[in-house]
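Chain identifiers are assigned alphabetically (A, B, ...) following the order of the sequence lines, protein sequences preceding nucleic acid strands; residue numbering begins at 1 within each chain.
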Number of protein chains: 4
Amino acid sequence: MATNESKRAIGFIGMGLMGSRMATRLLEAGYPLTVFDRTKAKTQPLAERGAKVASSPRELAEHVVVIMVSVTNHAAVEQVMLGPDGVVGGLQSGSTVIDLSTISPQTSRHVAAEVSARVASMLDAPVSGSTPQAEQGALIIMVGGDRETYERNRSILETLGKEAFYMGGNGMGVTMKLVVNAMLGLGMQALAEAIALGEKAGLEKNRLLDVLGHMPVVAPAFKAKLENARREEYPAAFPLQHMDKDFGLIAALAEECVVPMPATAVASQISNDERARKSDDDFSAVIRLMEELAGVPT
Amino acid sequence: MATNESKRAIGFIGMGLMGSRMATRLLEAGYPLTVFDRTKAKTQPLAERGAKVASSPRELAEHVVVIMVSVTNHAAVEQVMLGPDGVVGGLQSGSTVIDLSTISPQTSRHVAAEVSARVASMLDAPVSGSTPQAEQGALIIMVGGDRETYERNRSILETLGKEAFYMGGNGMGVTMKLVVNAMLGLGMQALAEAIALGEKAGLEKNRLLDVLGHMPVVAPAFKAKLENARREEYPAAFPLQHMDKDFGLIAALAEECVVPMPATAVASQISNDERARKSDDDFSAVIRLMEELAGVPT
Amino acid sequence: MATNESKRAIGFIGMGLMGSRMATRLLEAGYPLTVFDRTKAKTQPLAERGAKVASSPRELAEHVVVIMVSVTNHAAVEQVMLGPDGVVGGLQSGSTVIDLSTISPQTSRHVAAEVSARVASMLDAPVSGSTPQAEQGALIIMVGGDRETYERNRSILETLGKEAFYMGGNGMGVTMKLVVNAMLGLGMQALAEAIALGEKAGLEKNRLLDVLGHMPVVAPAFKAKLENARREEYPAAFPLQHMDKDFGLIAALAEECVVPMPATAVASQISNDERARKSDDDFSAVIRLMEELAGVPT
Amino acid sequence: MATNESKRAIGFIGMGLMGSRMATRLLEAGYPLTVFDRTKAKTQPLAERGAKVASSPRELAEHVVVIMVSVTNHAAVEQVMLGPDGVVGGLQSGSTVIDLSTISPQTSRHVAAEVSARVASMLDAPVSGSTPQAEQGALIIMVGGDRETYERNRSILETLGKEAFYMGGNGMGVTMKLVVNAMLGLGMQALAEAIALGEKAGLEKNRLLDVLGHMPVVAPAFKAKLENARREEYPAAFPLQHMDKDFGLIAALAEECVVPMPATAVASQISNDERARKSDDDFSAVIRLMEELAGVPT
């Protein structure tokens, strides 16, 4: 098929909540796809739709020249990229690695240097948005790395995201992601404190939430979270534990760059709360936590 | 003129930045208007356009049955309403007072009780938005008081605001306003900490601000503030000193209702900073303050 | 008895936990004493030991020229001093009022001005220490007012306290008290966070508390509180609700003087916690609260 | 000399501010001493007083069976212990390593496991106190490791410290040290906020500091710091940068153990301030920082 022939083959590592959806979207857009996940069963749905399955990241890298990675944290990125049977071991000269994971700029640069040493290029390209945006190709992607590499892979990125912003050299994509998630974490704390105040001060809860939904001070990213507060259910779209991990990355970057972030630090301690951490809930469950601390009757 | 005859005469007290614009809008909409300001010169522009000028709040209340008040703080509200020559002294039975000021729910209820004692009604109806919204009738109004009084005066309120949300009994309008401004204050602190982090971590400033402008985590209310950060100029739309006053009202309400607001408290301390307080700048100048604390080179 | 004759008669208003002990100590030291409390039964123990009982603060002020006040808060001070039948109504020219209460410098100066208008003098002389120190005359007193008045009443003050520090003009005694209590409140939060960390990180609780008791970083004021943590019982010596009141006075003074106190603000929010506020416990119960937030098994 | 013969030879690694003083003290107490520092010149003063100088940590470990380590951070501990020519490479069976450094419990346990694998034992024995206490043998030592090893080496530890508290298994010494330094860091912030409040509220600075020096709410560890505030000079006894490093270790331990420490987090952000970090000053220089933020005139 003509369309397919013009599209480069892509290898995709990591079939988690986000990865499987992004890989599906690439497949649907006509990219020949090879996938890998350390839990082989997770590759099954893609295989059924025509993707090849690699036996290791290394084998995958030996067969495709565009390799995308979407894994949980820096340990997973290092394992998949630099470990035995890792991508770097099989990397062909001129390949491009696109790492969609949210990790520290430091780790990202370290991995990018190893990729460069194999005469290949890496983009750090973390995404903003959760599963619905991944399905619809409506993610926002923040990209760091060589600009020429960015331009060359733009059509792939734009299959996944409605925007793919170029932010600068290696590590600048994940840096921008951490800036955005600092606002996400402290913004949610702001919403939680405000809702607890409103309820305790006597506003009728549904009315409070309705009106907040119309307010320009409430970010679009939080509108859907008001419904969680209304139903007192917090199904994970962006789990509290991921927010907690990102607060850790933000704190480390702030420490390294010597940036005081006092309010962000307080918000991160609240989400550090044991009851919060035990939970598999969405990060918006801090609304419930602040309601509890305030003694809002339920 | 038919239209005018069907519109009730309105008295408007307080010709400040917001009040003068709202009064003008009412005049343009055809409401017969009587105005008062303790600085008589400030009534001049309205007088030239056909408004009557009252010599005191009391005299104003003796002549109109809808009285709107837009003044700075609780001391001004108490002076205008309860002081010698105040509104309450001249209030006609069946009148309606609409207080547009941002004061504490406690003070608002106290004044409303005095109004009730004169067989009249009060709505607390603080507005969200600044001067451009006041001119365009695009404010958001949060209303507390008797529902029937709210319904009866809805057309007046909707001349000023694109929305006039009914929040509950007396004091619930200002309560909602404080909930909203808690988010405004802590949200701006979140933006300021995030921008300082991004700049110090090496993101190009204009690119950082451009991309933040596209992010769903940045509330619409803050989009215009990104331009302040870009130009490093913070002309007052909502002055830092007003935010500071509101932080005080929020803290008092939280204390009274026993609601812990740790991140809000930290943000309020930052805006309490001497350099910040000296300033006549907009509350978004906390961006500059956090940049300074982080040692962002300028 | 010669000693008694040389001692001036004292009037003492407020027979609470602290006041009754201080009054007893003055009686034991040989000062002729007249007492008042709005709950007359509370004057009984002193009356049995020879104190006269006044029927109102005013009557008390008509009969003695040294008047001491130990009441709960600014409303009580204003009532006792400026209310109908208050001290000021009966004040003899040349009298001295010594206010032992912890109130805001602003209120204290306002009352002092009313006293001055009657050609009398006031000292603000709040005390540091709790009931055992009051019984043993081991309080620390911080004094504001006219230095000559301070010197003239020093022997009375030193009957109550092992130290009576002169801090400056009216209001400077209570200012110093708020400085000290800022350290008390945030210091206790520091201890609570550190204990929770130690327990959760695996230190044996008794060992942890033993060793903290030997550490120069733990203030003498907190040594006894370690025993509360050990027994998991927090009987009120200085109730949480008083600390909470003082956090409010500290915040108001910091706001007025434009002093950012971010860590103090966070500590005050924690003590603002609903579960904390419900409690009649000692302010050291924040240790229990931080243990709960950290999920320390009990 | 009989006394010397009964004393075991000690190897001491790290001739920094603290290490050189502790080593000198051991020499004066009659312990045969071999020393090492990567900067050889730093061993000179000890060599002149009779200490042998080893050419590497490994060589040192080959010749003595009690090895003490006092270095800056985890990287230095790992280098000295596990690096090429490190202690572990030369360790004799039955040796004891006493690590006086402040590092994370995690790193300490990792190194201890490597030592155990060589049939030797490690104690983590960080010290509290600064250079004067090191000279006078008045440090406080918190010890983790095997209790029998602790008992066997107690006389050595008590040559350095007036107390050597046994806290539990490997890592519990450094855990206790981090608990203590959490109080040190937040306690200093409390003092700094309180001093800034007092000055700005009009207390005469010297009087304020005098009286704080008598207050049971001021920990003994902070008494000397009041003199720094008085002279507005902050010579490093415990440098701000070390406090900053320890705040990082505390945050990591709190994160790992899921302990919310909101006030500690705020204090760590303040010390994270660029101006603070640039400084070689003592950690008590946060007093100056809070004075500046409050706009205290100097």
Legend entry - Backbone N/O of D/T264 and side chain of C/E193: donor-acceptor pair under 3.5 Å: yes
Inset, instruction - Flag yes if more than 12 heavy atoms outside C/E292 fall under 6.0 Å of its CD atom; otherwise flag no. - result: yes
Legend entry - Neighbour count above 12 (heavy atom, 6.0 Å) for D/Q241 CD: yes
Inset, instruction - State which residue, out of C/L191, C/L203, C/I195, C/V211, fulfils the side chain to side chain contact (heavy atoms under 4.5 Å, CB included) condition with D/V179. - result: C/L203
Inset, instruction - Determine the option with the most heavy-atom pairs under 4.5 angstrom with chain D, choosing from C/G168, C/A196, C/P260. - result: C/P260
Legend entry - Rounded distance [0.5 Å steps], CG in D/L197 versus CD in C/E256: 10.0 Å
Inset, instruction - Please confirm whether the backbone N or O of C/H214 pairs with a side-chain atom of D/E163, one donor and one acceptor, at under 3.5 Å? - result: no
Inset, instruction - Find the distance between CE (C/M183) and CE (D/M215) and round it off to the nearest 0.5 Å. - result: 11.0 Å
Legend entry - For the student: nearest non-hydrogen atoms of C/T175 and D/A201, plus distance: CG2-CB, 3.6 Å
Inset, instruction - Identify which part of D/I140 has an atom lying under 4.5 Å from any heavy atom of chain C, answering side chain, backbone, both or neither. - result: side chain
Legend entry - Sub-4.5 Å side-chain heavy-atom contact between C/L212 and D/M176: yes
Inset, instruction - Name the region of D/I270, side chain, backbone, both or neither, that has any atom closer than 4.5 Å to a heavy atom of chain C. - result: side chain
Inset, instruction - Calculate, to the nearest 0.5 Å, the distance between atoms CE and CG belonging to D/M142 and C/L208 respectively. - result: 12.0 Å
Inset, instruction - Output the distance between atom CE (C/M167) and atom CG (D/D210), rounded to the nearest 0.5 Å. - result: 8.5 Å
Legend entry - Toward chain C, the part of D/V259 with a non-hydrogen atom under 4.5 Å: both
Legend entry - Closest heavy-atom pair and its distance - D/M261, C/A194: CE-N, 4.3 Å
Inset, instruction - Heavy-atom distances under 4.5 Å only: say whether C/V217 touches chain D with side chain, backbone, both or neither. - result: both
Inset, instruction - State, to 0.1 Å, how close C/A263 and D/Q189 come at their nearest heavy-atom pair, and which atoms those are. - result: CB-CG, 3.8 Å
Inset, instruction - Quick one: which of D/A190, D/A182, D/A267, D/G185 has the most heavy-atom pairs under 4.5 Å with chain C, could you say? - result: D/A190
Inset, instruction - With a 4.5 angstrom heavy-atom cut-off, could you sort out which part of D/M188 is near chain C: side chain, backbone, both or neither? - result: neither
Inset, instruction - Mind listing the closest non-hydrogen atom pair of C/A219 and D/P216 along with its distance? - result: CB-O, 3.4 Å
Inset, instruction - State, to 0.1 Å, how close C/V218 and D/P220 come at their nearest heavy-atom pair, and which atoms those are. - result: O-CD, 3.9 Å
Inset, instruction - Could you check if a side-chain atom of C/P262 sits within less than 4.5 angstrom of a side-chain atom of D/M290, using non-hydrogen atoms only? - result: yes
